[in-house]
Amino acid sequence: MPATDRKRVVVIGGTGYGGAEVLRLCLRHPGVEVVRVTAADNVGKAVGDVHLNLAGTGGALRFEDAREWPAERAAADADVVFLGLPHRVSATVTPSLFPLQESRGLRIVDLSGDFRLRDAGAYERYYDGAHPFPQALGSFAYGLPELHREAIRAAWRVASPGCFATAIALGLIPLARAGLLPPGALVRTVASTGSSGSGVEAKIGTHHPLRAANLKTYKPLAHQHTPEIEQTLADAGAPDLALDLVPVSAPLVRGIFATSFVDLPDAVGPRQIADAFHAAYDAEPFVRFPAGRLPEVVAVKGTMYAEIGWELGARARGRQRTLVVVSALDNLVKGGGGQAVQCMNLMMGVPETVGLDDRGLWP
(Lines give C-alpha, C1' and ligand atoms only; values in the text may rest on other atoms or scores of the structure.)
Protein backbone atom coordinates (compact mmCIF):
# COMPACT_ATOMS: atom_id res chain seq x y z
CA MET A 1 0.00 0.00 0.00
CA PRO A 2 1.45 3.44 -0.89
CA ALA A 3 2.66 5.40 2.13
CA THR A 4 0.24 8.20 1.32
CA ASP A 5 -2.71 5.81 1.71
CA ARG A 6 -1.66 4.44 5.09
CA LYS A 7 -3.69 5.43 8.14
CA ARG A 8 -1.94 7.31 10.91
CA VAL A 9 -2.15 5.46 14.23
CA VAL A 10 -1.50 6.76 17.75
CA VAL A 11 -1.29 4.55 20.83
CA ILE A 12 -2.07 6.23 24.15
CA GLY A 13 -0.78 4.10 26.99
CA GLY A 14 1.69 1.99 25.07
CA THR A 15 3.88 0.42 27.77
CA GLY A 16 1.35 -2.14 29.00
CA TYR A 17 0.82 -5.58 27.52
CA GLY A 18 -2.26 -4.50 25.57
CA GLY A 19 -0.38 -1.56 24.08
CA ALA A 20 2.55 -3.83 23.30
CA GLU A 21 0.32 -6.17 21.31
CA VAL A 22 -1.25 -3.29 19.38
CA LEU A 23 2.23 -2.00 18.56
CA ARG A 24 3.51 -5.42 17.51
CA LEU A 25 0.67 -5.82 15.05
CA CYS A 26 0.49 -2.24 13.79
CA LEU A 27 4.22 -1.91 13.19
CA ARG A 28 4.00 -4.69 10.60
CA HIS A 29 0.56 -3.79 9.28
CA PRO A 30 0.74 -2.73 5.62
CA GLY A 31 -2.10 -0.24 5.93
CA VAL A 32 -1.04 1.87 8.91
CA GLU A 33 1.82 3.97 10.22
CA VAL A 34 2.34 4.32 13.96
CA VAL A 35 3.18 8.00 14.37
CA ARG A 36 3.15 8.42 18.15
CA VAL A 37 3.07 6.44 21.39
CA THR A 38 2.49 8.06 24.77
CA ALA A 39 2.88 6.69 28.28
CA ALA A 40 3.25 7.69 31.91
CA ASP A 41 6.41 5.59 32.35
CA ASN A 42 9.52 4.69 30.36
CA VAL A 43 9.34 8.15 28.81
CA GLY A 44 11.96 8.76 26.15
CA LYS A 45 12.84 5.10 25.71
CA ALA A 46 12.69 3.45 22.31
CA VAL A 47 9.76 1.07 21.85
CA GLY A 48 12.13 -1.89 21.43
CA ASP A 49 13.92 -1.08 24.70
CA VAL A 50 10.69 -1.62 26.63
CA HIS A 51 8.98 -4.32 24.55
CA LEU A 52 12.04 -6.43 23.77
CA ASN A 53 10.38 -8.36 20.94
CA LEU A 54 10.08 -5.07 19.03
CA ALA A 55 13.81 -4.28 19.08
CA GLY A 56 14.85 -2.97 15.69
CA THR A 57 11.32 -2.00 14.66
CA GLY A 58 9.50 1.29 14.84
CA GLY A 59 12.36 3.41 13.56
CA ALA A 60 12.72 6.47 15.80
CA LEU A 61 9.50 5.73 17.69
CA ARG A 62 9.86 6.50 21.40
CA PHE A 63 7.48 6.77 24.31
CA GLU A 64 6.34 10.36 24.65
CA ASP A 65 5.41 11.83 28.02
CA ALA A 66 1.62 11.65 28.43
CA ARG A 67 1.71 14.83 30.52
CA GLU A 68 3.28 16.78 27.68
CA TRP A 69 1.18 14.97 25.09
CA PRO A 70 -2.39 14.83 26.45
CA ALA A 71 -4.76 12.73 24.42
CA GLU A 72 -6.21 15.52 22.28
CA ARG A 73 -2.73 16.75 21.33
CA ALA A 74 -1.30 13.28 20.77
CA ALA A 75 -4.14 12.31 18.43
CA ALA A 76 -4.55 15.67 16.68
CA ASP A 77 -3.13 14.38 13.37
CA ALA A 78 -4.22 10.73 13.71
CA ASP A 79 -6.77 8.66 11.84
CA VAL A 80 -7.06 5.99 14.56
CA VAL A 81 -6.21 6.14 18.25
CA PHE A 82 -5.88 3.10 20.51
CA LEU A 83 -6.38 3.65 24.23
CA GLY A 84 -4.30 1.19 26.24
CA LEU A 85 -5.13 2.82 29.56
CA PRO A 86 -6.37 1.30 32.83
CA HIS A 87 -10.04 1.10 33.66
CA ARG A 88 -11.46 4.42 34.90
CA VAL A 89 -8.46 6.31 33.52
CA SER A 90 -9.62 5.74 29.96
CA ALA A 91 -13.04 7.24 30.70
CA THR A 92 -11.43 10.46 31.95
CA VAL A 93 -9.31 10.82 28.80
CA THR A 94 -11.85 9.88 26.15
CA PRO A 95 -14.07 13.01 26.26
CA SER A 96 -11.19 15.16 25.01
CA LEU A 97 -11.03 13.04 21.85
CA PHE A 98 -14.66 13.42 20.81
CA PRO A 99 -14.15 16.85 19.17
CA LEU A 100 -11.52 15.25 16.90
CA GLN A 101 -14.12 12.78 15.72
CA GLU A 102 -16.37 15.63 14.66
CA SER A 103 -13.62 17.76 13.10
CA ARG A 104 -11.49 15.19 11.32
CA GLY A 105 -13.12 11.77 11.60
CA LEU A 106 -10.87 10.27 14.26
CA ARG A 107 -11.64 6.63 15.10
CA ILE A 108 -11.24 5.47 18.71
CA VAL A 109 -10.58 1.90 19.87
CA ASP A 110 -10.59 1.58 23.65
CA LEU A 111 -9.02 -1.50 25.24
CA SER A 112 -10.24 -0.79 28.77
CA GLY A 113 -13.52 -1.90 30.29
CA ASP A 114 -14.89 1.62 30.59
CA PHE A 115 -17.27 1.58 27.63
CA ARG A 116 -18.14 -2.09 27.18
CA LEU A 117 -21.22 -1.98 29.38
CA ARG A 118 -24.35 -0.01 28.61
CA ASP A 119 -25.65 -0.10 32.19
CA ALA A 120 -24.05 2.45 34.53
CA GLY A 121 -25.33 0.50 37.53
CA ALA A 122 -23.56 -2.67 36.42
CA TYR A 123 -20.36 -0.70 35.89
CA GLU A 124 -20.57 0.80 39.37
CA ARG A 125 -21.10 -2.61 40.93
CA TYR A 126 -18.35 -4.50 39.12
CA TYR A 127 -15.76 -1.73 38.72
CA ASP A 128 -16.05 -0.44 42.31
CA GLY A 129 -17.34 3.04 41.70
CA ALA A 130 -19.50 5.34 39.62
CA HIS A 131 -18.61 5.67 35.95
CA PRO A 132 -16.49 8.79 35.27
CA PHE A 133 -18.30 9.58 31.99
CA PRO A 134 -21.68 7.81 32.03
CA GLN A 135 -23.20 9.91 29.25
CA ALA A 136 -20.97 8.09 26.75
CA LEU A 137 -22.16 4.61 27.72
CA GLY A 138 -23.87 2.99 24.77
CA SER A 139 -22.10 5.20 22.23
CA PHE A 140 -19.32 2.65 21.61
CA ALA A 141 -19.83 -0.36 19.36
CA TYR A 142 -18.93 -3.55 21.19
CA GLY A 143 -15.88 -4.86 19.37
CA LEU A 144 -16.71 -8.54 18.92
CA PRO A 145 -16.80 -8.96 15.12
CA GLU A 146 -18.41 -12.38 15.26
CA LEU A 147 -21.53 -10.71 16.70
CA HIS A 148 -21.35 -7.00 15.81
CA ARG A 149 -19.38 -6.83 12.56
CA GLU A 150 -21.64 -4.35 10.74
CA ALA A 151 -21.92 -2.05 13.75
CA ILE A 152 -18.13 -2.00 14.04
CA ARG A 153 -17.74 -1.16 10.35
CA ALA A 154 -19.97 1.88 10.79
CA ALA A 155 -18.60 2.94 14.17
CA TRP A 156 -16.53 5.97 15.10
CA ARG A 157 -15.65 4.46 18.46
CA VAL A 158 -15.30 0.84 19.59
CA ALA A 159 -14.96 -0.79 23.01
CA SER A 160 -12.68 -3.79 22.60
CA PRO A 161 -13.97 -6.78 24.64
CA GLY A 162 -12.30 -8.34 27.64
CA CYS A 163 -10.34 -11.55 27.38
CA PHE A 164 -12.62 -13.74 29.52
CA ALA A 165 -15.60 -12.15 27.84
CA THR A 166 -14.34 -12.97 24.35
CA ALA A 167 -13.50 -16.59 25.14
CA ILE A 168 -16.66 -17.39 27.07
CA ALA A 169 -19.08 -15.49 24.83
CA LEU A 170 -17.68 -17.06 21.66
CA GLY A 171 -18.38 -20.46 23.18
CA LEU A 172 -21.99 -19.60 23.99
CA ILE A 173 -23.16 -17.27 21.20
CA PRO A 174 -24.12 -20.17 18.85
CA LEU A 175 -26.41 -21.57 21.53
CA ALA A 176 -27.99 -18.17 22.12
CA ARG A 177 -28.58 -17.67 18.40
CA ALA A 178 -30.14 -21.10 18.08
CA GLY A 179 -32.56 -20.52 20.96
CA LEU A 180 -30.88 -23.10 23.17
CA LEU A 181 -30.36 -20.66 26.04
CA PRO A 182 -33.92 -19.78 27.08
CA PRO A 183 -34.78 -16.68 29.14
CA GLY A 184 -33.53 -17.10 32.67
CA ALA A 185 -31.04 -19.83 31.76
CA LEU A 186 -28.07 -20.37 34.06
CA VAL A 187 -24.59 -21.03 32.70
CA ARG A 188 -21.70 -22.02 34.93
CA THR A 189 -18.15 -21.40 33.73
CA VAL A 190 -14.70 -22.10 35.11
CA ALA A 191 -12.05 -20.19 33.18
CA SER A 192 -8.28 -20.15 33.62
CA THR A 193 -6.13 -17.18 32.67
CA GLY A 194 -2.47 -16.43 32.16
CA SER A 195 -0.59 -13.90 34.25
CA SER A 196 -0.32 -11.35 31.44
CA GLY A 197 -4.01 -10.64 31.91
CA SER A 198 -3.15 -8.93 35.18
CA GLY A 199 -1.00 -6.33 33.45
CA VAL A 200 2.62 -5.22 33.53
CA GLU A 201 2.74 -4.08 37.14
CA ALA A 202 4.04 -6.83 39.43
CA LYS A 203 1.63 -7.89 42.17
CA ILE A 204 1.72 -10.59 44.81
CA GLY A 205 -0.83 -12.64 42.86
CA THR A 206 1.08 -12.53 39.58
CA HIS A 207 4.66 -12.73 40.85
CA HIS A 208 6.25 -15.63 38.97
CA PRO A 209 7.56 -17.70 41.93
CA LEU A 210 4.06 -17.72 43.44
CA ARG A 211 2.23 -18.43 40.20
CA ALA A 212 4.47 -20.80 38.24
CA ALA A 213 3.46 -23.91 40.21
CA ASN A 214 0.13 -22.76 41.55
CA LEU A 215 -3.60 -22.69 40.79
CA LYS A 216 -6.07 -20.49 42.63
CA THR A 217 -9.48 -18.96 42.16
CA TYR A 218 -10.07 -15.22 42.43
CA LYS A 219 -13.16 -13.00 42.26
CA PRO A 220 -15.49 -16.04 42.21
CA LEU A 221 -18.97 -14.98 41.07
CA ALA A 222 -17.81 -11.33 41.07
CA HIS A 223 -15.48 -10.89 38.10
CA GLN A 224 -16.01 -7.67 36.12
CA HIS A 225 -16.42 -9.52 32.83
CA THR A 226 -19.60 -11.21 34.10
CA PRO A 227 -22.08 -8.44 33.14
CA GLU A 228 -20.20 -7.97 29.85
CA ILE A 229 -20.79 -11.61 28.92
CA GLU A 230 -24.41 -11.49 30.01
CA GLN A 231 -24.97 -8.35 27.92
CA THR A 232 -23.30 -9.95 24.89
CA LEU A 233 -25.39 -13.11 25.13
CA ALA A 234 -28.55 -11.03 25.47
CA ASP A 235 -27.57 -9.29 22.23
CA ALA A 236 -27.14 -12.74 20.65
CA GLY A 237 -30.62 -13.89 21.64
CA ALA A 238 -30.43 -15.07 25.26
CA PRO A 239 -32.17 -12.41 27.40
CA ASP A 240 -31.98 -12.59 31.19
CA LEU A 241 -29.28 -15.25 31.11
CA ALA A 242 -27.33 -15.58 34.35
CA LEU A 243 -23.64 -16.49 34.40
CA ASP A 244 -21.81 -17.97 37.38
CA LEU A 245 -18.14 -17.35 36.54
CA VAL A 246 -15.25 -18.72 38.57
CA PRO A 247 -11.90 -17.40 37.27
CA VAL A 248 -8.73 -19.36 37.94
CA SER A 249 -5.21 -17.95 38.06
CA ALA A 250 -3.14 -20.44 36.04
CA PRO A 251 0.63 -20.98 35.71
CA LEU A 252 0.65 -19.56 32.18
CA VAL A 253 1.86 -16.28 30.73
CA ARG A 254 -0.66 -16.18 27.86
CA GLY A 255 -3.96 -17.89 27.40
CA ILE A 256 -7.61 -18.21 28.39
CA PHE A 257 -9.10 -21.67 28.79
CA ALA A 258 -12.84 -21.67 29.54
CA THR A 259 -15.17 -24.57 30.30
CA SER A 260 -18.88 -23.73 30.36
CA PHE A 261 -21.65 -26.04 31.58
CA VAL A 262 -25.14 -25.72 30.11
CA ASP A 263 -28.22 -27.86 30.92
CA LEU A 264 -30.18 -28.65 27.75
CA PRO A 265 -33.46 -30.51 27.23
CA ASP A 266 -32.90 -34.21 26.63
CA ALA A 267 -34.54 -33.81 23.23
CA VAL A 268 -31.63 -31.65 21.98
CA GLY A 269 -29.23 -33.94 20.18
CA PRO A 270 -25.63 -33.74 18.95
CA ARG A 271 -26.62 -32.80 15.39
CA GLN A 272 -28.66 -29.79 16.53
CA ILE A 273 -25.74 -28.54 18.63
CA ALA A 274 -23.17 -29.06 15.86
CA ASP A 275 -25.43 -27.27 13.40
CA ALA A 276 -25.66 -24.27 15.75
CA PHE A 277 -21.87 -23.94 16.02
CA HIS A 278 -21.20 -24.42 12.33
CA ALA A 279 -23.93 -21.96 11.35
CA ALA A 280 -22.39 -19.36 13.63
CA TYR A 281 -18.73 -19.77 12.77
CA ASP A 282 -17.99 -21.64 9.54
CA ALA A 283 -17.48 -18.31 7.75
CA GLU A 284 -15.49 -16.70 10.58
CA PRO A 285 -11.78 -16.23 9.84
CA PHE A 286 -10.55 -16.52 13.42
CA VAL A 287 -12.76 -19.23 14.95
CA ARG A 288 -11.96 -22.87 14.37
CA PHE A 289 -13.12 -26.26 15.59
CA PRO A 290 -10.14 -28.57 16.20
CA ALA A 291 -10.56 -32.00 14.61
CA GLY A 292 -10.16 -35.04 16.82
CA ARG A 293 -9.41 -33.10 20.00
CA LEU A 294 -10.76 -30.39 22.26
CA PRO A 295 -9.28 -26.85 22.33
CA GLU A 296 -5.84 -26.24 23.83
CA VAL A 297 -4.06 -23.01 24.74
CA VAL A 298 -0.79 -24.09 23.14
CA ALA A 299 -2.52 -24.34 19.75
CA VAL A 300 -3.58 -20.68 19.77
CA LYS A 301 -0.88 -18.95 21.83
CA GLY A 302 0.44 -15.90 19.99
CA THR A 303 -2.34 -16.00 17.38
CA MET A 304 -5.73 -14.46 16.64
CA TYR A 305 -7.46 -17.83 16.57
CA ALA A 306 -10.08 -18.98 19.04
CA GLU A 307 -10.67 -22.71 19.30
CA ILE A 308 -14.07 -24.03 20.33
CA GLY A 309 -15.22 -27.56 21.08
CA TRP A 310 -18.11 -29.24 22.86
CA GLU A 311 -19.28 -32.51 24.37
CA LEU A 312 -22.87 -33.51 25.11
CA GLY A 313 -23.35 -35.80 28.06
CA ALA A 314 -24.71 -39.21 27.14
CA ARG A 315 -26.66 -39.67 30.36
CA ALA A 316 -29.86 -37.72 30.94
CA ARG A 317 -30.61 -36.36 34.42
CA GLY A 318 -34.33 -36.05 34.64
CA ARG A 319 -35.27 -34.40 31.36
CA GLN A 320 -31.93 -32.67 30.81
CA ARG A 321 -28.42 -33.42 29.65
CA THR A 322 -25.26 -31.42 30.29
CA LEU A 323 -23.45 -29.73 27.44
CA VAL A 324 -19.83 -28.78 28.04
CA VAL A 325 -18.40 -26.03 25.82
CA VAL A 326 -14.63 -25.52 25.81
CA SER A 327 -12.94 -22.44 24.35
CA ALA A 328 -9.32 -21.34 24.21
CA LEU A 329 -7.58 -18.20 22.94
CA ASP A 330 -4.62 -15.94 23.57
CA ASN A 331 -5.78 -13.27 26.01
CA LEU A 332 -3.46 -10.62 24.52
CA VAL A 333 -4.29 -11.26 20.85
CA LYS A 334 -7.86 -12.38 20.13
CA GLY A 335 -8.68 -11.47 23.72
CA GLY A 336 -6.93 -8.10 23.57
CA GLY A 337 -4.80 -6.04 21.19
CA GLY A 338 -5.30 -8.30 18.19
CA GLN A 339 -9.06 -8.04 18.35
CA ALA A 340 -8.68 -4.25 18.66
CA VAL A 341 -6.68 -4.26 15.42
CA GLN A 342 -9.32 -6.50 13.81
CA CYS A 343 -11.88 -3.82 14.67
CA MET A 344 -9.62 -1.12 13.26
CA ASN A 345 -9.45 -3.05 9.98
CA LEU A 346 -13.23 -3.17 9.81
CA MET A 347 -13.50 0.55 10.60
CA MET A 348 -10.92 1.32 7.88
CA GLY A 349 -12.81 -0.73 5.30
CA VAL A 350 -9.98 -3.20 4.66
CA PRO A 351 -10.16 -7.01 5.02
CA GLU A 352 -10.33 -7.71 8.73
CA THR A 353 -7.58 -10.34 8.57
CA VAL A 354 -4.89 -7.94 7.28
CA GLY A 355 -1.82 -8.16 9.49
CA LEU A 356 -3.43 -10.77 11.75
CA ASP A 357 -3.03 -14.16 10.09
CA ASP A 358 0.11 -15.27 11.94
CA ARG A 359 -0.06 -18.98 12.85
CA GLY A 360 2.09 -18.59 15.97
CA LEU A 361 4.75 -20.99 17.22
CA TRP A 362 4.83 -24.72 17.88
CA PRO A 363 5.39 -25.80 20.57
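Below, each value reflects all heavy atoms present in this structure, side chains not excepted, and no hydrogens, waters or symmetry copies. Keep in mind the model is a prediction, meaning the values are calculated, not measured.
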What heavy-atom pair brings [X] and [Y] nearest, and what distance separates the two atoms?
{"X": "F257", "Y": "V297", "value": "CB-CG2, 3.9 Å"}
{"X": "T353", "Y": "P285", "value": "CG2-CB, 3.6 Å"}
{"X": "G14", "Y": "L23", "value": "O-CD1, 3.8 Å"}
{"X": "R28", "Y": "G355", "value": "NH2-O, 3.5 Å"}
{"X": "A213", "Y": "P251", "value": "N-CB, 4.4 Å"}
{"X": "G121", "Y": "D119", "value": "N-OD1, 2.8 Å"}

Counting only N and O atoms by type, is there a donor-acceptor contact under 3.5 Å from the side chain of [X] to the main-chain atoms of [Y]?
{"X": "H29", "Y": "V34", "result": "no"}
{"X": "R88", "Y": "A130", "result": "yes"}
{"X": "S112", "Y": "A91", "result": "no"}
{"X": "T232", "Y": "E228", "result": "yes"}
{"X": "S196", "Y": "V253", "result": "yes"}
{"X": "R321", "Y": "G313", "result": "yes"}
{"X": "D263", "Y": "Q320", "result": "no"}
{"X": "E311", "Y": "V325", "result": "no"}
{"X": "N331", "Y": "G255", "result": "yes"}
{"X": "R6", "Y": "V32", "result": "yes"}

Salt-bridge present ([X], [Y]; N to O < 4.0 Å):
{"X": "R293", "Y": "E307", "answer": "yes"}
{"X": "D235", "Y": "R118", "answer": "yes"}
{"X": "D330", "Y": "K301", "answer": "no"}
{"X": "R73", "Y": "E64", "answer": "no"}

Student check: side-chain heavy atoms of [X] and [Y] closer than 4.5 Å:
{"X": "I108", "Y": "F82", "answer": "no"}
{"X": "L175", "Y": "L233", "answer": "no"}
{"X": "R149", "Y": "E284", "answer": "yes"}
{"X": "V324", "Y": "V326", "answer": "yes"}
{"X": "F164", "Y": "H223", "answer": "yes"}
{"X": "V43", "Y": "F63", "answer": "no"}
{"X": "L312", "Y": "P270", "answer": "yes"}
{"X": "Q339", "Y": "P145", "answer": "yes"}

Do [X] and [Y] share a hydrophobic cluster (ILVMFWY, side-chain heavy atoms under 4.5 Å, transitive)?
{"X": "V11", "Y": "L85", "answer": "no"}
{"X": "I229", "Y": "L241", "answer": "yes"}
{"X": "V341", "Y": "V81", "answer": "no"}
{"X": "L97", "Y": "V89", "answer": "yes"}
{"X": "F289", "Y": "L170", "answer": "yes"}

side-chain contact (heavy atoms from CB on, under 4.5 Å) between F140 and V158: does it pass, once the steps are laid out? CA-CA 5 Å; F140 283 66; V158 167; 5.6 Å; no
Please report the interatomic distance CD1(I256) to OG1(T193), rounded to the nearest 0.5 Å. 3.5 Å
Distance (rounded to the nearest 0.5 Å) between I168 CD1 and E230 CD: 11.0 Å
Do we see a donor-acceptor contact under 3.5 Å between the side chains of T303 and R359? no
Do S260 and R188 have side-chain N/O donor and acceptor atoms under 3.5 Å apart? no
Are the aromatic ring centres of [X] and [Y] under 6.0 angstrom apart?
{"X": "Y126", "Y": "H225", "value": "no"}
{"X": "H87", "Y": "Y123", "value": "no"}
{"X": "F133", "Y": "F98", "value": "yes"}

Verify side chain to side chain donor-acceptor pair (under 3.5 Å) between T15 and N42, making sure each step is shown before the conclusion. CA-CA 8 Å; T15 54; N42 292 296; 4.8 Å; no
Assess the residue pair L356 and L25 against the criterion (side-chain contact (heavy atoms from CB on, under 4.5 Å)); give the C-alpha distance rounded to whole Å, side-chain angles, the decisive distance to 0.1 Å, and a yes or no. CA-CA 7 Å; L356 295 173; L25 295 167; 3.8 Å; yes
Only residue of L323, L172, D244 satisfying side-chain contact (heavy atoms from CB on, under 4.5 Å) with V187 is L172
Take V109 and L83, measure what side-chain contact (heavy atoms from CB on, under 4.5 Å) needs, and give me the verdict at the end. CA-CA 6 Å; V109 183; L83 299 176; over 6 Å; no
Step by step, work out the side-chain contact (heavy atoms from CB on, under 4.5 Å) result for R62 and R36. CA-CA 8 Å; R62 294 180 178 273; R36 190 169 299 111; over 6 Å; no
Matching residue for D77 among R104, K7, R8 - test: salt bridge (charged side-chain N to carboxylate O under 4.0 Å, His left out): R8
